[in-house]
Trainee: 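Let me begin by handing over the structure; questions about it come next.
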Amino acid sequence: MASLKHDIETTHKEFSRALDQATTLEALEQIRITFLGRNGSIANIMAIFKQLPIEEKRAYGPLLQELKKKTQELFDAKKITLESQAHAYEEKLTQQFDVTAYKSEPSAGTLHPYSSILEEIENVFISMGFTVTEGPEVETDYRNFEALNIPKDHPARDMQDTFWIDVPGLLMRTHTSTVQIKTMESQQPPIAILASGRVYRHEATDASHDYMFVQTEGLVVDKNISVANLFATTETFLQAIFRNKSIKTRVRPGYFPFVEPGIEIDMSCPFCTTGCSVCKKTTWIEAVGAGLVHPNVLRMSGIDPDVYSGFAFGFGTIRLTMLRHGINDIRLLHSNKLDFLRQF
Ligand code: FA5
């Protein structure tokens with residue numbers, strides 16, 4: 001069994017050499033596995049030792065104990081040294097860290113494309129003398145329909161499928177025309193207001209329809225207001241928003257019970273002159289619903305239609321945002337997808 005003595009001495013030497021060469025805690029861990037681990041070389045020697053006859057155990061036992069004790073002691077001492085070296089190194093790095101050398105860029109947010117276009121729309125109308133106002137999203141049946149010349153059982157109620165509230169007579173407004181009524185109830189002409197906000201319709205959603213979307217409403221009431229004022233206002237507005245002075249408008253008849261005559265205003269396509277995918281090859285895009293305020297509406301809100309006249313218009317603000325930025329799905333606008341929002 002002289003070979004066991006040889007194994008013990010060789011292991012001791014190899015262990016000491018490996019320890020001398022180790023400069024990192026990772027290397028030290030490798031040494032622990034190789035020599036001191038459950039399947040390491042010392043455990044192998046122990047396995048052979050266990051099978052020896054008793055008198056040989058007596059001879060080699062102390063040598064083996066000495067190997068185990070010594071290697072563990074050397075290992076622990078080396079571990080303390082390497083750990084304190086690693087700590088000192090980290091300290092040194094910290095001391096060398098120059099706080100003025102690195103400054104992370106603040107990640108600035110940007111306005112939502114809808115918010116920034118709304119700001120532009122409001123500025124254009126403010127420059128034309130309009131006052132920006134607003135109205136509640138939960139409204140009365142009266143302001144949403146009746147005062148707008150849409151009495152109960154009028155077929156026009158079916159044009160805008162309504163979300164009703166569990167309180168009789170209350171609903172989620174289906175359009176911003178309610179703000180016309182709110183304004184005229186509390187103010188005599190001259191009136192020139194602009195109101196934007198969310199509206200709700202019980203509709204299936206697709207790329208161009210949502211059940212909640214934003215509209216902008218305009219109302220002007222004064223003496224001698226005519227369709228000419230309406231055309232000039234909407235054309236000026238569209239040219240400003242699309243930054244294109246050559247935009248023209250054209251008019252088609254449209255039916256809205258609260259205006260007479262009711263019209264749809266189309267604008268010439270801001271992106272082409274011969275037809276493209278945005279204008280569906282027609283060179284015209286539907287832009288604004290409008291008309292002269294119906295005398296019944298003025299009268300119901302306490303304004304004398306024999307003295308005053310007015311125009312009103314309304315458009316889909318989200319649709320306008322989509323058009324301006326070439327967005328092809330309305331649902332993206334409230335998806336909160338960062339990849340989408342970061343483009344603006
Ligand atoms: C109205 O809501 C009228 N109140 C507009 C008006 C005001 C006419 C003043 C006359 C005088 P309309 O239902 O067409 O009209 O809606 C106006 C615009 O809202 C549409 O042109 C369209 O751009 C947008 N819109 C309508 N339904 C949806 C929808 N489901 N999703 C997104 N946008 C919509």
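Positions are given from 1 along the sequence. All ligand and atom numbering here is 1-based and tracks the order in the structure. As a basis for the values below, the full set of heavy atoms in this structure was taken, side chains included, without hydrogen atoms, waters or symmetry mates.
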Trainee: Under 3.5 Å, N or O to N or O, is E203 touching ligand 1 that way?
Mentor: yes

Trainee: Counting each atom of ligand 1 from 1 as listed, which ones have a heavy atom of Q180 under 4.0 Å away?
Mentor: 9 (C)

Trainee: Going by a strict under-4.0 Å cutoff (protein heavy atoms only), does atom 31 (N) of ligand 1 have a neighbour on the protein?
Mentor: yes

Trainee: Please list, in number order, the atoms of ligand 1 under 4.0 Å from a heavy atom of S177.
Mentor: 4 (N), 7 (C)

Trainee: Before you tell me yes or no, could you show the steps for N123 and E119 under side-chain hydrogen bond (donor to acceptor under 3.5 Å, both in side chains), namely the whole-Å CA-CA distance, both residues' side-chain angles and the distance that decides it to 0.1 Å?
Mentor: CA-CA 6 Å; N123 284 338; E119 220 167 69; 5.4 Å; no

Trainee: If you link ILVMFWY side chains whenever their heavy atoms are less than 4.5 Å apart, which other residues fall into the same cluster as Y89? By chain and number, please.
Mentor: L93

Trainee: Could you tell me whether some N/O pair between H209 and ligand 1 is separated by less than 3.5 angstrom?
Mentor: no

Trainee: Considering only the protein, which heavy-atom contact is closest to atom 3 (C) of ligand 1, and what is its distance?
Mentor: F258 CZ, 3.9 Å

Trainee: Roughly how far, to the nearest 0.5 Å, is CG of L4 from CD of E56?
Mentor: 8.5 Å

Trainee: Is R319 touching ligand 1 with its side chain, its backbone, both, or neither, if touching means heavy atoms under 4.0 Å apart?
Mentor: side chain

Trainee: Any chance you could pull the hydrophobic cluster mates of W284, using side-chain heavy atoms under 4.5 angstrom and chaining through other members?
Mentor: none

Trainee: Is there a donor-acceptor pair closer than 3.5 Å between any side-chain N or O of K223 and the backbone N or O of Y308?
Mentor: no

Trainee: To the nearest 0.1 Å, how far is atom 19 (O) of ligand 1 from its closest protein heavy atom, and which atom is that?
Mentor: Q215 NE2, 3.3 Å

Trainee: Checking N144 side chain against L171 main chain: does a donor-acceptor pair fall under 3.5 Å?
Mentor: no

Trainee: Suppose we measure from atom 33 (N) of ligand 1 to each protein heavy atom; which comes out shortest, and what is that distance?
Mentor: F213 CD1, 3.3 Å

Trainee: For S208, counting its heavy atoms only, list the atoms of ligand 1 lying under 4.0 Å from any of them.
Mentor: 31 (N), 32 (C)

Trainee: Identify, by atom number and element, the atoms of ligand 1 in contact range of A290, meaning under 4.0 Å from any of its heavy atoms.
Mentor: 8 (C), 10 (C), 11 (C)

